[in-house]
Amino acid sequence: MDPVAFDVYSENGEHPPQRWRTGGQTLSSFTGSVAGKDLEAEREMEGSMEWKDRIDKWKTKQEKRGNKLNPDDSDDDDDKNDDEYMLLAEARQPLWRKVPIPSSQINPYRIVIVLRLVVLCFFLKFRITTPATDAVPLWLASVVCELWFALSWILDQLPKWAPVTRETYLDRLALRYDREGEACRLAPIDFFVSTVDPLKEPPLITANTVLSILAADYPVDRTSCYVSDDGASMLLFDTLSETAEFARRWVPFCKKFAVEPRAPEFYFSQKMDYLKDKVQPTFVKERRAMKREYEEFKVRVNALVAKAQKKPEEGWVMQDGTPWPGNNTRDHPGMIQVYLGTQGALDVEGHELPRLVYVSREKRPGYDHHKKAGAMNALVRVSAVLTNAPFILNLDCDHYVNNSKAVREAMCFLMDPQLGRKLCYVQFPQRFDGIDSHDRYANRNVVFFDINMKGLDGIQGPVYVGTGCVFNRQALYGYDPPRPEKRPKMTCDCWPSWCCCCCCFGGGKQRRGKKDKSKGGGADSGDEPRRGLLGFYRKRSGKKDKLGGKKGGGLGKKHPRAFELEEIEEGLEGYEELERSSLMSQKSFEKRFGQSPVFIASTLVEDGGLPQGAAADPASLIKEAIHVISCGYEEKTEWGKEIGWIYGSVTEDILTGFKMHCRGWKSVYCTPARAAFKGSAPINLSDRLHQVLRWALGSVEIFMSRHCPLWYAYGGRLKWLERFAYTNTIVYPFTSIPLLAYCTIPAVCLLTGKFIIPTLNNLASIWFIALFLSIIATGVLELRWSGVSIEDWWRNEQFWVIGGVSAHLFAVFQGLLKVLGGVDTNFTVTSKAAADETDAFGELYLFKWTTLLVPPTTLIIINMVGIVAGVSDAVNNGYGSWGPLFGKLFFSFWVIVHLYPFLKGLMGRQNRTPTIVVLWSILLASIFSLVWVRIDPFIPKAKGPILKPCGVEC
């Protein structure tokens, strides 16, 4: 097919000053300056010549197909030609665009933010300059807390200044890269699914995730699915065997009837009219048969799960009688099994299926395997050896593909001629199934995904959240994004070069500009030989190729472009300039990527594909893939430091995305109308708190590491607002300390009769009222432009307090002990009750004891006790004491209302709080009250001799 000329659009969807052909030839290039009408005339002439050239090429193409074009063609032929022209014009349109937020919504929001910042400054000035003389310790503690809250609000608010929403055009993507009747040019993609323990992560859920991937609406020859089993479980191995067999019937059913979602468990369980938009008469019959086959599939998988509950003493044995290599989960060799995608693995209709690969990396005692991050890096290497797709989509085992066109949505950005070269990943929002309608513990996290992430998309891109993300493989390899070439300065040629230093320097710049243009592989690069890595020399004509094997073969089947020496070395950190100016040796590559020539060769292929000749011997590829997942492969390399998923924190997702943004990469937030992926979230209180504990612990670890955004990569290309956002993601656990103190202060004030604020005058009252109104206005306007409901916003506010005084607090101390003292403290969860199987949300009422429940319960008790004590004191002292009481009661009620979902979680279905929680909380509250009475700092201490009244006889 002849190359079709497409207009390239800039990041905001507008035309750039130049247009390029996909083959790299320039359609129009303006250098120098042409004034007024001459420029317009030149553009008009050039446009007409360009259009004529397109028509001539189209006619030549039609003649080659055997379509004779006669001048006396009928009107029908003219209509067909017009349709062809319309298709070409549509294909030249941008694949995506920014949807601007109406100015009537965003401008008031920004104005209120500025006003709130001004009011906050005056409020803090009043609080600092007006101490409560009778309660100085309480006043000082409250002011410190308020200063920290103000700083936290600024870090959270500023990145939301310019939120962005984007929409894609899948029809234009199909016209450009997947036109019917022509060879598909969509980029290949590798799916990564990670799992650890099949007993905690049900194999049936993992199987549904895999089935939804295999049935995705994407070319099967460009789709591969890799499942990482970090627990070396024979249960998962057998489950994938059953899944591969069931996929032979499930995949053609999904594609024939275009069902959604394509995870059978969730498709058959959805409550909707499944006959809607289904016009084929055989649909009902085939759907019933497929549902029956899926029920049989579930029975087989559940039988495997029941069998795996009791492990034999001699260990598991495979069907051929050999022992299972993973009987010892901490000491076993690497294992790889290819289920689908090979010859003969066809569906029931005789069509090819995507490749499905089981991977379990080698584990030996004495090695640090780096948990999920290490497993993902092993998948990166295995996939590079076996398929080497240019893009990678990673999913947790419980996140299935809810929108079969999700990959195409991401490709609208990644395959964009202008933006795609700068993108490190496309992040999708996380959506969840199985959450109660009220979302008691803010499991959906709507405020973060629909407000904060859209704000980050307007800066340098959203943060990586661990799942539902499509990566550019080259960004994972630690390379820098391509930098735009600077146009050479115009110099005067009428003077000799030795006449003026400026002319000499100008000429040098011009010559360097030409060199850079040649280096970048533009139209003027000519046939001059260019050096690549590992002795890879390549001419434009493809006559010399040491690494490719055959002349003109390149490194892939479709002659993908290889990185040049200068381009690759831009992404390497820590190398000296002398090494940058010379050819990197094989030893340098092994030091960076490891000792695998096949993997190193695959890293040189920017557009994906295996090195030529590698695919001819699948057995040798499997052997090499086993080698790259050995436990000692990463030793003395940059894996986990500069390459792949970054080690050093349990929240490896934040670190990985942060490193990419520091190199100058951009990311994009894609929010299709139908959720791309859906997963499960813990709706139980204890499980939810432990999930938040792990996230907060990872943030504390990053804060204590060299990758802390407060001081890391100031010489890089990370934008300031993006740095503020990353800073907010690692300092938020420390807010738990002032939050705990601020929630305790109201109870102390009620018990002692003191208050943190002195008597208010008119001006101080205005600042208090203005601050509360600005807080309310900010929230309302934020909900207005984002579309988030007020219930979701309120649940988020409540759980911010619940998590802050429990999980975040424990994460701070646990992180400090782990980083500073080397003490790894684990909080275990023990089940105390069973879920009600007859209730869809039975787990919501399931109670599991954990120490994380003690601090919030203690806060509720002491605030209730404080309210009772304060009201009793007001009743005893008469009418005059009710006025100061209302301010104290307001703050105490603020604490209890925010902790109300936690209180409901403690009560459970029978409204009963477990005895152990009550005992611990009452004990702590009593100790606190007794200690406070004993050392009450607000009772004046008598000095000198004690004088007693002597009475009447004095």
Side-chain angles (χ1 to χ4, degrees), residues 120-153 731 733-761 764-765 767-768 771 801 804-806 808-809 812-813 816 854-874 877 881 883-896 898-899 921 923-944:
L120 185 61
C121 292
F122 281 101
F123 170 79
L124 292 176
K125 178 185 176 182
F126 163 76
R127 293 284 288 120
I128 294 173
T129 58
T130 312
T133 54
D134 59 338
V136 174
L138 287 177
W139 166 81
L140 184 60
S142 64
V143 169
V144 171
C145 294
E146 289 162 1
L147 288 174
W148 180 266
F149 295 151
L151 177 62
S152 299
W153 174 76
V731 301
F734 295 94
T735 306
S736 60
I737 298 175
L739 182 61
L740 181 66
Y742 212 70
C743 291
T744 307
I745 287 175
V748 175
C749 292
L750 287 168
L751 290 172
T752 61
K754 310 296 181 181
F755 199 40
I756 59 176
I757 302 174
T759 305
L760 296 177
N761 53 31
S765 302
W767 291 127
F768 269 93
L771 179 63
V801 176
V805 298
S806 57
H808 298 172
L809 182 68
V812 171
F813 291 103
L816 293 177
V854 174
T857 308
T858 304
L859 283 177
I860 292 176
I861 291 176
I862 63 174
N863 275 277
M864 287 183 174
V865 171
I867 290 174
V868 174
V871 172
S872 301
D873 182 71
N877 293 332
S881 60
L885 178 64
F886 282 120
K888 305 172 188 178
L889 290 177
F890 172 80
F891 286 108
S892 194
F893 275 116
W894 179 90
V895 175
I896 295 175
H898 278 78
L899 294 176
S921 302
L923 178 62
L924 290 178
S926 302
I927 293 174
F928 175 81
S929 302
L930 292 174
V931 171
W932 185 268
V933 171
R934 181 69 180 85
I935 58 172
D936 188 352
F938 304 112
I939 298 178
K941 302 297 188 295
K943 296 181 180 180

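The CG atom of L739 lies 9.0 Å from the NE2 atom of H898; values are rounded to the nearest 0.5 Å. Atoms CD1 and CG, from I128 and L140 in turn, are 10.5 Å apart once rounded to the nearest 0.5 Å.
The side-chain contact (heavy atoms from CB on, under 4.5 Å) check on A741 picks up C145, with sequence neighbours excluded. Residues meeting the side chain to side chain donor-acceptor pair (under 3.5 Å) test with W767, sequence neighbours left out: none. With sequence neighbours left out, A869 forms a side-chain contact (heavy atoms from CB on, under 4.5 Å) with L751. The side-chain contact (heavy atoms from CB on, under 4.5 Å) search around I737 returns L809, V812, not counting sequence neighbours. For F755, there are no ring pair (Phe, Tyr, Trp, His ring centres under 6.0 Å) partners at least two apart in sequence or on another chain. With sequence neighbours excluded, the residues forming a ring pair (Phe, Tyr, Trp, His ring centres under 6.0 Å) with F149 are Y742, listed by chain and number. Partners of S736 by side chain to side chain donor-acceptor pair (under 3.5 Å), not counting sequence neighbours: none found. Applying the ring pair (Phe, Tyr, Trp, His ring centres under 6.0 Å) criterion to F734, with sequence neighbours excluded, gives F703.
Shortest non-hydrogen contact noted between T735 and W148 is OG1-NE1, 3.0 Å. Smallest separation of non-hydrogen atoms from P855 and V805: CB-O, 3.2 Å. Closest heavy-atom contact between T744 and L740: OG1-O, 2.7 Å. Smallest separation of non-hydrogen atoms from N863 and A747: OD1-N, 3.8 Å. The heavy-atom pair separating A150 from L120 by the smallest distance is CB-CD2, 3.6 Å.
Applying side chain to side chain contact (heavy atoms under 4.5 Å, CB included) to K754 and the options V136, V748, D134 leaves one that passes, D134.
Screening residues 740-753 for salt bridge (Lys or Arg N to Asp or Glu O under 4.0 Å) gives no qualifying pairs among residues at least two apart or on separate chains. A salt bridge (Lys or Arg N to Asp or Glu O under 4.0 Å) check over residues 138-151, counting only residues at least two apart or in different chains, returns the pairs R127-E146.
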- Task: Could you go through the side chain to side chain contact (heavy atoms under 4.5 Å, CB included) check for V143 and W139 one step at a time?
- Result: CA-CA 6 Å; V143 169; W139 166 81; 3.5 Å; yes
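A 4.5 Å side-chain heavy-atom check between L889 and L750 finds at least one atom pair inside the cut-off. The shortest side-chain heavy-atom distance between I867 and I896 falls under the 4.5 Å cut-off.
With S892 contributing its side chain and K888 its backbone, the two residues share no donor-acceptor pair below 3.5 Å.
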